[in-house]
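Take a look at the structure set out below.
Keep in mind that this is a model prediction, so the values were computed, not measured. Each chain gets a letter, A, B and so on, in the order its sequence line appears, and its residues count up from 1. The figures here come from the full heavy-atom set of this structure, side chains too, leaving out hydrogens, waters and symmetry mates.
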Amino acid sequence: MTNKEIARPLKETAALLELTGGNPFRARAFANAARTIERMDERLSEQTDVTEIQGIGKGLASQIAEILERGSFDVRDDLLGSIPPGIMDVLKVKGLGAKKARVLWKSLGIQTLDELEAAALAGRIADLDGFGARSQESILENIVLLRSYMGRRRLADAAPFLPYITSELEGYTTRVTGDARRHLNDVERLDLLVETDDGDIPGRLMWLMDAETGEEHGLRWVEGTIEGGMTVRLTACVPSDAGRALAITTGPAAFAEKLARTPPSDSEQDAFKEAGLTWIDPGLRDMDGAVDRTDALASLHLVTVEDLHGCLHNHSTYSDGAHTLKEMADACRSRGYSYLGICDHSQSLKVANGMDVKTVKRQQAEIKALNEAYALDGGPEFKIFSGVESDILNDGSLDYEEEVLASFDFIVASVHTGFNMSEAAATERLVTAIKNPYTSILGHPTGRLILRREGYPIDHEAVLQACAAHGVAIELNANPWRLDLDWTWVERARQLGVPVSINPDAHAIDQIDLTAWGVRAARKGGLQVPECLNALSLAEFTAWIARS
DNA sequence: CCTGGGTCCAGGAGTTGCTAATAAGCAAC
């Protein structure tokens, strides 16, 4: 069980206590403990003496033990049982926290998302204390968004179900197909192709809950849910047609329709040939007009994790990271990278312990000392670059005086505040930051969180044009919650010659490996090795940041 | 619920700014 999974029920309990009008300090204690556990570098287990952690005493210790044992604890279960279940959905509406949800519940009896919507539509919310016409309107807007997220999962949250599904299908040859094989950002269900003797669905495959069957392109499927609420579709095929069936079920529709008209084949490559297409990487099949240009797409030399030499945009204990600078650097080096860009938060972002100028100097001194040690220790070539994730302030300026900005090797500029700007204002803000001569990389360009937050609206074309004009790279933030720049804009970045930097934005050692999600997204947009900033060698990257 | 001194109970809250309200809740990593 990860620390995050332990923290979740604690966090939820804090909200439940607020919602039910419990002692606010008690709620705060749960929230504090959750945050502390989330931020710890050491993973909690039954053996950990959690009472040694500041903010966790006897009570929380026994509750954490309960979570480790069964994923929940009595206090949480009792609280959950004491409220109408739909209120947890109301809490997910952006702009509504426990306090406001409680007011809605107690004064208007709102217990579900539907009731909330009805009350807002009837104009009954605007009159409540603490609410107004604007918040009533924003509730309606955010319900629409929330509904569009429901039933979907970020790919990284869906993928962990795969080992369980394949273990249930032991004895069958199975392959992941569908949206997950094409590496979409988020999926509604997981698709697997299962080879069976006769192409029919044997009874063994009917273990899915609420199973329904059907047929598509002549292939029979069974669809249902598994524990955890994940929707799964198993499509059956005979082994001699497995290649064609894989191509059809992988999709998208334009490919499926063409491939469905080809004769059976056990090879996906051959099936493509029969359809008059050249085989391409599944991720590429969503690109604009992909089905009409498979020849060109097949010739792309897509970037892989192994092509990356640098790991840029990472955090350490100098701001809100869990591991020290040296721990992060050693972890990067042991993964075979030859350079690390450390980019802790800048001074304005207090919530992430952003670095004041003194801290910056201290970090730069440590970087210098570590680099000297790395140069002498006889190990593989390795260098730490002194960077910063500078906040882009409201007016588009960076977060330090010029002399401090000049002291960094490179700068990732990102927006973390004021997400409610108009598209014109947000674009202008980014373009101003891009024009700043100290900006090297534009970080997570829209600020979106997949299935959670839309981010600020931007004119991608104008932003990419500005990057091209000012020699600024654009980040493809590899965190599976972000994947921002979205893959749909990678091709335009390539056309304009804007380097794409695949950055894990790691706040702990194991998050360095999130890079793989970014690489999948980059490949989906056709990114090739020379077009990827951190595929540059150490010498090339050194030259890149030194360019005028 | 935790901490800390009063060893049972008082007093407590990662910070700051925005939003949309007219005081306080929410969101940013």
(message) If you assign A:Arg39 and A:Leu60 each to the DNA chain B nucleotide with the nearest heavy atom, which residue ends up on the more 5' nucleotide?
(response)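 The residue whose closest nucleotide sits nearer the 5' end is A:Leu60.
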(request) On DNA chain B, check which nucleotide each of A:Asn353 and A:Gly55 is closest to and give me the residue with the more 5' one. (result)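 Its nucleotide being nearer the 5' end, the pick is A:Gly55.
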What nucleic acid atoms does [X] come within less than 4.0 Å of, heavy atoms only: base, sugar-phosphate, or nothing?
X	result
A:His315	nothing
A:Ile53	sugar-phosphate
A:Ala98	sugar-phosphate
A:Arg482	sugar-phosphate
A:Asp391	nothing

Is it the case that the side chains of [Y] and [X] hold a donor-acceptor pair, with the cut-off being a distance below 3.5 Å and no angle test?
X	Y	answer
A:Thr427	A:Asp459	no
A:Gln364	A:Ser407	yes
A:Asn534	A:Asn503	no
A:Ser390	A:Asp399	no

(message) Looking at A:Arg35 and B:dC29, is any side-chain donor or acceptor paired with a base atom of the opposite kind under 3.5 Å?
(response)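 No, the side chain and the base share no sub-3.5 Å donor-acceptor pair.
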(request) State which of B:dC2, B:dA28, B:dG25 makes the closest approach to the side chain of A:Phe419. (result)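 Nucleotide nearest to A:Phe419's side chain: B:dA28.
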(message) Of the listed nucleotides (B:dG12, B:dT3, B:dA28), which one gets closest to any side-chain atom of A:Val351?
(response)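 Nearest listed nucleotide: B:dA28.
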(request) Would you give the length of the straight line joining atom CG of A:Leu536 to atom CG of A:Asp307, rounded to the nearest 0.5 angstrom? (result)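 It comes to 11.5 Å.
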Looking only at atom [atom1], what distance separates [N] and [M], rounded to whole Å?
N	M	atom1	value
B:dA20	B:dC26	C1'	11 Å
B:dG4	B:dG14	P	14 Å
B:dC18	B:dT7	P	47 Å
B:dG11	B:dG17	C1'	28 Å
B:dA13	B:dG25	C1'	15 Å
B:dG5	B:dC1	P	22 Å
B:dT16	B:dA21	P	26 Å

Quickly work out the [X] [atom1] to [N] [atom2] distance and round it to whole Å.
X	N	atom1	atom2	answer
A:Lys99	B:dC26	NZ	C1'	10 Å
A:Glu389	B:dC29	CD	P	9 Å
A:Ile125	B:dG25	CD1	C1'	16 Å

Phosphate-side-chain proximity, [X] and [N], N/O vs OP1/OP2 below 4.0 Å:
X	N	answer
A:Lys94	B:dA28	yes
A:Arg453	B:dC29	yes
A:Arg28	B:dA13	no
A:Asn32	B:dG14	yes

Using the 3.5 Å cut-off, write out each protein N or O paired with an N or O of nucleotides 19-23 of chain B and the distance between them.
residue: B:dA21; atom: OP1; partner: A:Gly132; partner atom: N; Å: 2.3
residue: B:dA21; atom: OP1; partner: A:Gly132; partner atom: O; Å: 3.4
residue: B:dA21; atom: OP1; partner: A:Ser135; partner atom: N; Å: 3.4
residue: B:dA21; atom: OP1; partner: A:Ser135; partner atom: OG; Å: 2.6

(request) May I ask you to decide if the ring planes of A:His507 and A:His345 are parallel, tilted or perpendicular, using 30° and 60° as cut-offs? (result)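 Plane angle between 30° and 60°, so tilted.
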(request) Look at the rings of A:Phe541 and A:Tyr339 and say which category their plane angle falls in: under 30° parallel, 30 to 60° tilted, over 60° perpendicular. (result)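 Plane angle under 30°, so parallel.
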(request) Would you please name every residue forming a ring-ring contact (aromatic ring centres under 6.0 Å, His included) with A:Tyr438, sequence neighbours left out? (result)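 For A:Tyr438 there are no ring-ring contact (aromatic ring centres under 6.0 Å, His included) partners, ignoring immediate neighbours.
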